[in-house]
Amino acid sequence: MPEHKFRFGTALFVKPSIFEADLFDEAAQRELPELAELLLGEALAGPLAERLPELRLAAGPGARSVKLQHNAGAGGCFPLHYDNAGPPSRRALTCVVYMNPGWRPGDGGELELRPFLRPAVLVPPLMGRAALFRSDRVLHRVRPSSAERLCFTVWVDGEAVNGSGDCGLTARHLAAEPGALEAFARSPVQRAVSRAVYAEEYEASLRECMERRPGELEEMLQEHRRHVAQQRAHAQLGPFLGRLGALRAQLEGAAGAEAEGQGPD
Ligand SMILES: O=C(O)CCC(=O)C(=O)O
Ligand SMILES: [Fe+2]
């Protein structure tokens, strides 16, 4: 399987230990007929579109993609990202299906979802488990895996994704009343500030994934820090980031206290 490449800033990098077969490729279609069917037929995308009408999922093989992913272990992981980082992507829904009958706690490779400002959700990549989330508004990563790990992903495009109000930050966002910040946190505009709000987590996840490629890691970290410093120094954006950080501490703290309250005495 070919190595997986990903974009960070304007450059393209190889992700160590991650290999992917894209079902658009006709050779992959011949080797993996069941997965080809998920791309070419409506058996999965059809019912998803019916059950999630608000996503306005698009029909036909041109409106989705399917990839098989092999993580060779040895720490292979994905740094924090959105599956739809903005136009021209049309991805609306991500559906990952795991195929690891031997997975044990301690193997790593959990999918870590970071719903914006809210506590992380960990998904162990257990056999037959599927994780569905919105491609344009769920920040996530894959924790380093010390064991081999297999999954396939179906991304389905949406007719309404990346609309005019979904991408750019405006003066109206920056002046939002406290009550409007939670709505902001559920919207895809969060993508414009996620690297600054999760600056430390982005940096740590890049380090974990790229530690065996120090030159490329350094390039990424510099780009990341420059971007974050620029946003934090901005006269209106800086204070807005401060308010988001405070709300995040409050929401994550409240969830922590709740979890503690539920524990055994
Ligand atoms: O392997 C996973 O659990 C998710 C992979 C992922 O985030 C992606 O392919 O975009
Ligand atoms: Fe992803």
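Treat the numbers as computed from the prediction; the structure is a model and nothing was measured. As the structure lists them, so they are numbered: ligands from 1, and atoms in each ligand from 1.
- For ligand 1, the atoms sitting less than 4.0 Å from at least one non-hydrogen atom of Tyr98 are 2 (C), 3 (O), numbered in the order shown with element in parentheses.
- Applying the side chain to side chain donor-acceptor pair (under 3.5 Å) rule to pairs touching residues 156-181 yields Asn84-Asn162, Asn162-Arg191, Thr170-His173, sequence neighbours excluded.
- Per-residue contacts place Cys151 under 4.0 angstrom from the following atoms of ligand 1 (heavy atoms of the residue considered): 1 (O).
- With ligand atoms numbered from 1 in the order given, ligand 1 contributes 10 (O) to contacts under 4.0 Å with heavy atoms of Asp83.
- Separation of the Phe184 and Phe240 ring centroids falls under the 6.0 Å cut-off.
- Residue Val142 approaches ligand 1 through these ligand atoms, each under 4.0 Å from one of its heavy atoms: 1 (O), 2 (C), 3 (O), 4 (C), 5 (C).
- With hydrogens left out, the protein atom closest to atom 8 (C) of ligand 1 is Phe78 CE2, 3.6 Å, a heavy atom.
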For residues 68-77, which side-chain donor-acceptor pairs fall under 3.5 Å, sequence neighbours excluded?
residue	atom	partner	partner atom	Å
Gln69	OE1	Arg149	NH1	3.4
His70	NE2	Glu148	OE2	2.6
Asn71	OD1	Gly73	N	2.9
Asn71	ND2	Gly76	O	2.9

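- The closest approach between His81 and ligand 1 falls below 4.0 Å for a heavy atom of the residue.
- For atom 5 (C) of ligand 1, the closest heavy atom belonging to the protein is Gln69 NE2, 3.6 Å.
- The pair Arg143-Glu208 fails the salt-bridge criterion, with no side-chain N (NZ, NE, NH1 or NH2) lying under 4.0 Å from an Asp/Glu carboxylate O.
- Shown here are the ring pair (Phe, Tyr, Trp, His ring centres under 6.0 Å) partners of Phe152, two or more places apart in sequence or in another chain: there are none.
- For the atom pair Leu206 CG and Glu218 CD, the distance stands at 11.0 Å (nearest 0.5 Å).
- At distances below 3.5 Å, at least one donor-acceptor pair connects side-chain atoms of Ser205 with backbone N or O atoms of Leu80.
- Counting only distances under 2.8 Å, and ignoring water, the protein N, O or S atoms around the Fe ion (ligand 2) are His81 NE2, Asp83 OD1, His140 NE2.
- Here Trp155 has side-chain heavy atoms under 4.0 Å from ligand 1, and that is the only part of it that gets that close.
- Aromatic ring pairs are classed by plane angle as parallel below 30°, tilted from 30° to 60° and perpendicular above 60°; the pair Tyr198 and Phe116 is tilted.
- If you look at His140 next to ligand 1, the close heavy atoms, those under 4.0 Å, all belong to the side chain.
- Here's the thing with Arg149: one of its N/O atoms is less than 3.5 angstrom from an N/O atom of ligand 1.
- Of the inter-residue distances, the one linking Leu221 atom CG with Arg226 atom CZ reads 13.0 Å to the nearest 0.5 angstrom.
- Using a 4.0 Å cut-off between charged side-chain N and carboxylate O, Lys15 and Glu216 make no salt bridge.
- The local environment of CD in Glu26 is sparse, with at most 12 non-hydrogen atoms from other residues, nucleotides or ligands closer than 6.0 Å.
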